[in-house]
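Here the structure is laid out as structure tokens; the discussion comes afterwards.
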Amino acid sequence: MFIAQELRKKNIAEYLLYMWQIEDTIRAFGCSLSRIRKEYIDRFDYTDDQKEEEADWFGNLIRMMNQEGCREQGHLQINMVVMQQLQELHAQLLASPKFPFYNSEYYKVLPFIVELRHRGADKDENEVETCFNSLYGVMMLRLQKKKITPNTQAAVKEITTFIGMLNDYYLKDKQEPLEFE
């Protein structure tokens, strides 16, 4: 909860990837709050009050996962809303002549998006989600200490730059709405 709150303010892209990781963490513990308390939360150097707050947060996420039918897979509605906001901003940035650098970066990343979709990514997901799924997949490979090919590393570098730009525009838009016309 504490990490998520900070990331949400500073970096929406990292926040979303973190929240996806939290969803997977909850699944790894069988959606059991008692296991998450004992085997996960207790490992952090938190005060008792902080541990209680963190447990409440996880409990709420577990309840939402159960209600929304994403115990096994998928994403919470709160995370899908963030993804939708990013996709809408992406479309506005592309449609506006005021953001040529964003457009340029998008066209650098587009071949990687096409390749990822060709390799079996969900054809219904939007381009921003395809980018996030690739970043999350590589993050999981790194956590598992698996080899990442040079081609994948090159793609991830471009995708990271692109998502970083989208993140920056998202934060700017939240502080003071961007003008697209």
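Predicted model, so just to flag it, every value in this text is computed and none were measured.
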Exercise for review: May I have the step-by-step check of side chain to side chain contact (heavy atoms under 4.5 Å, CB included) for Phe162 and Leu110, ending in yes or no?
Suggested key: CA-CA 10 Å; Phe162 171 66; Leu110 188 57; over 6 Å; no

Review point. Going by heavy atoms in the side chains, are Leu7 and Met19 under 4.5 Å from each other?
Key: no

Study note, to complete from the structure: Applying side chain to side chain donor-acceptor pair (under 3.5 Å) to Lys146 and not counting sequence neighbours gives Gln144

Check your understanding: Under 3.5 Å, side chain of Gln50 to main-chain N/O of Thr47, donor-acceptor pair present?
Key -> yes

**Study point:** Validation row: Leu171, Asn167 side chains within 4.5 angstrom (heavy atoms)
**Key:** yes

Check your understanding: For Gln153, does the CD atom sit with more than 12 other heavy atoms under 6.0 Å from it, leaving out its own atoms?
Key -> yes

Check your understanding: Which heavy atom in Leu116 sits nearest to a heavy atom in Ser134, and how many Å separate them?
Key -> CD1-CB, 3.6 Å

Check your understanding: Applying the 4.5 Å side-chain criterion to the ILVMFWY set and letting contacts propagate, would Leu166 and Val81 be lumped into a single cluster?
Key -> no

Practice item. Using only heavy-atom distances, determine whether the side chains of Arg63 and Asn60 contain a donor-acceptor pair under 3.5 Å. Key: yes

Exercise for review: For residues Asp173 and Gln92, determine if any side-chain heavy atom of one lies less than 4.5 Å from a side-chain heavy atom of the other.
Suggested key: no

Quick one: side chains of residues 93-102, donor-acceptor pairs under 3.5 Å with protein atoms, not counting sequence neighbours, listed by atom name and distance.
from   : atom 1 : to     : atom 2 : distance (Å)
Ser96  : OG     : Lys98  : N      : 3.1
Ser96  : OG     : Phe180 : O      : 2.6
Lys98  : NZ     : Glu181 : O      : 2.7
Tyr102 : OH     : His90  : ND1    : 2.6

**Study point:** Side chain proximity check, Ile159 to Ile113, heavy atoms < 4.5 angstrom
**Key:** no

Practice item. Report the relative orientation of the aromatic rings in Phe44 and Tyr40; use parallel for angles under 30°, tilted for 30 to 60°, perpendicular for over 60°. Key: perpendicular

Exercise for review: Could you check if a side-chain atom of Phe2 sits within less than 4.5 angstrom of a side-chain atom of Glu53, using non-hydrogen atoms only?
Suggested key: yes

**Study point:** Of all pairs that satisfy side-chain hydrogen bond (donor to acceptor under 3.5 Å, both in side chains), the ones with a partner from residues 23-39, not counting sequence neighbours
**Key:** Glu23-His75, Glu23-Asn79, Asp24-Arg27, Asp24-Tyr136, Ser32-Ser34, Arg35-Glu39, Arg37-Glu52

Check your understanding: Which value, rounded to the nearest 0.5 Å, describes the distance between Glu54 atom CD and Phe58 atom CZ?
Key -> 5.5 Å

Exercise for review: Indicate yes or no: at least one non-hydrogen side-chain atom of Trp20 is less than 4.5 angstrom from one of Phe132.
Suggested key: yes

Review point. Would you call Glu105 and Lys108 a salt bridge, taking side-chain N to carboxylate O under 4.0 Å as the test?
Key: yes

Check your understanding: Any chain of hydrophobic side-chain contacts (each under 4.5 Å) joining Met80 to Ile78?
Key -> no

Exercise for review: Hey, could you give me the OH/CG distance between Tyr170 and Leu178, rounded to the nearest 0.5 Å?
Suggested key: 12.0 Å

Revision key, fill the gap. Rounded to the nearest 0.5 angstrom, the CE-OG1 distance for Met165 and Thr160 is 13.5 Å

Practice item. Salt-bridge test for Glu6 and Lys10: reply yes if a basic N is under 4.0 Å from a carboxylate O, no otherwise. Key: yes

**Study point:** Met139 side, atom CE; Glu14 side, atom CD - distance, nearest 0.5 Å
**Key:** 10.0 Å

Study note, to complete from the structure: In this structure, CD of Glu125 is separated from CG of Asn133 (nearest 0.5 Å) by 4.5 Å

Review point. So, Glu88 and Gln84: side-chain donor and acceptor under 3.5 Å apart, yes or no?
Key: yes

Check your understanding: Do you know the tightest heavy-atom contact between Ala55 and Leu33?
Key -> O-CD1, 3.5 Å

Check your understanding: Can you tell if the side chain of Leu143 reaches within under 4.5 Å of the side chain of Gln21, non-hydrogen atoms only?
Key -> yes

Point to revise | Side chain proximity check, Asn11 to Tyr18, heavy atoms < 4.5 angstrom | key: no

Review point. Between CD1 of Ile163 and CG of Asp168, what distance do you get to the nearest 0.5 Å?
Key: 11.5 Å

